[in-house]
Amino acid sequence: MEIFPLNKVVRLIEPGPVVMVSTLQQGHANLMTMGFHMMMQHDPPLIGAIVGPWDHSYHALRANKECVIAIPGVDLIDKVVDIGNCSGNEVDKFARFGFTPRKAKHVAPPLVVECLANIECRVADMQLVDQYDFFILEAVQAWINPHRKEQRTFHHKGDGTFSVSGRTLNRQDRMVRWKQFQD
Ligand SMILES: Cc1cc2nc3c(=O)[nH]c(=O)nc-3n(C[C@H](O)[C@H](O)[C@H](O)COP(=O)(O)O)c2cc1C
């Protein structure tokens with residue numbers, strides 16, 4: 001894994017990939033699948049994440065206030081969907097689904113070696129958690145695996161169907177007010 005600049009984390013999150021959230025509670029590392037997330041601020045990078053109280057991960061995140069957002073390639077789609085259909089209360093998901101945990105630099109929950117990118121996050125604000133299950137996370141370290149063969153992400157359409165990231169359309173020449181985000 002290679003370090004990815006924090007002020008470019010927007011490029012990983014703004015496209016809206018399905019991600020996994022890695023948490024750690026009482027020595028037990030867990031994964032959940034998440035589609036409801038959004039970039040909120042470039043620098044320092046803030047990411048909004050909906051993690052509901054029906055999730056084991058919710059309680060881990062509330063208690064320990066740290067997580068890793070791991071971005072899987074489309075080759076991992078079946079495992080990632082299954083991870084979103086079982087509970088860390090009952091299953092050791094790293095073991096069951098064959099994902100390799102790796103020690104993160106700044107947070108306790110582990111990185112997921114098989115993913116395209118990993119973003120270490122701390123909970124920055126819990127004001128909207130009680131009403132909306134909305135955690136505001138600050139990214140404190142990001143990693144990518146540029147050598148991974150499959151680099152395409154996948155995106156939930158809201159009904160159990162998914163699209164795959166595809167052709168990039170470059171309109172940087174029209175982004176006249178936003179040049180600072182192109183380097
Ligand atoms: C494609 C997909 C997207 C999901 N998105 C979210 C989400 O944004 N927020 C959420 O709380 N649960 C979401 N879920 C459901 C959780 O992943 C699911 O409840 C999971 O079993 C929680 O695991 P845990 O109990 O081990 O934390 C999603 C599931 C799938 C399959």
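Order of appearance sets the numbers: ligands from 1, and atoms from 1 within every ligand. None of the values given here were measured: they were computed from a predicted structure.
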Ring center gap for F162 and F154 short of 6.0 angstrom: yes
Connected via hydrophobic side-chain network under 4.5 Å: I47 and V129: yes
Min N/O separation V80 to ligand 1 under 3.5 Å: no
Proximal ligand 1 atoms for G88, defined as those under 4.0 Å from one of its heavy atoms: 24 (P), 25 (O), 26 (O)
From the candidates T33, V18, N89, V91, the one that places a heavy atom nearest atom 28 (C) of ligand 1: T33
Check: V74 and E150 side chains under 4.5 Å, non-hydrogen atoms: yes
Any N or O of G52 closer than 3.5 Å to N or O of ligand 1: yes
Charged N-O contact under 4.0 Å between R122 and E138: no
T161 backbone acceptor or donor facing D159 side chain under 3.5 Å: yes
Worked check of side-chain hydrogen bond (donor to acceptor under 3.5 Å, both in side chains) between H56 and E90: CA-CA 10 Å; H56 177 73; E90 292 148 12; over 6 Å; no
Check: H156 N/O within less than 3.5 Å of ligand 1 N/O: no
Min side-chain heavy-atom separation C121-I69 under 4.5 Å: yes
Ligand-residue contact atoms, ligand 1 with M32, heavy atoms, under 4.0 Å: 9 (N), 10 (C), 11 (O), 12 (N), 13 (C), 22 (C), 23 (O), 27 (O)
Polar atom proximity, Y58 to ligand 1 (N or O, under 3.5 Å): no
Among C86, G160, A60, closest by any non-hydrogen atom to atom 20 (C) of ligand 1: C86
Sub-4.0 Å heavy-atom contact, K93 with ligand 1: yes
Under-4.0 Å heavy-atom contact with ligand 1, by part of V51 that carries it: backbone
N/O separation below 3.5 Å, G35 to ligand 1: yes
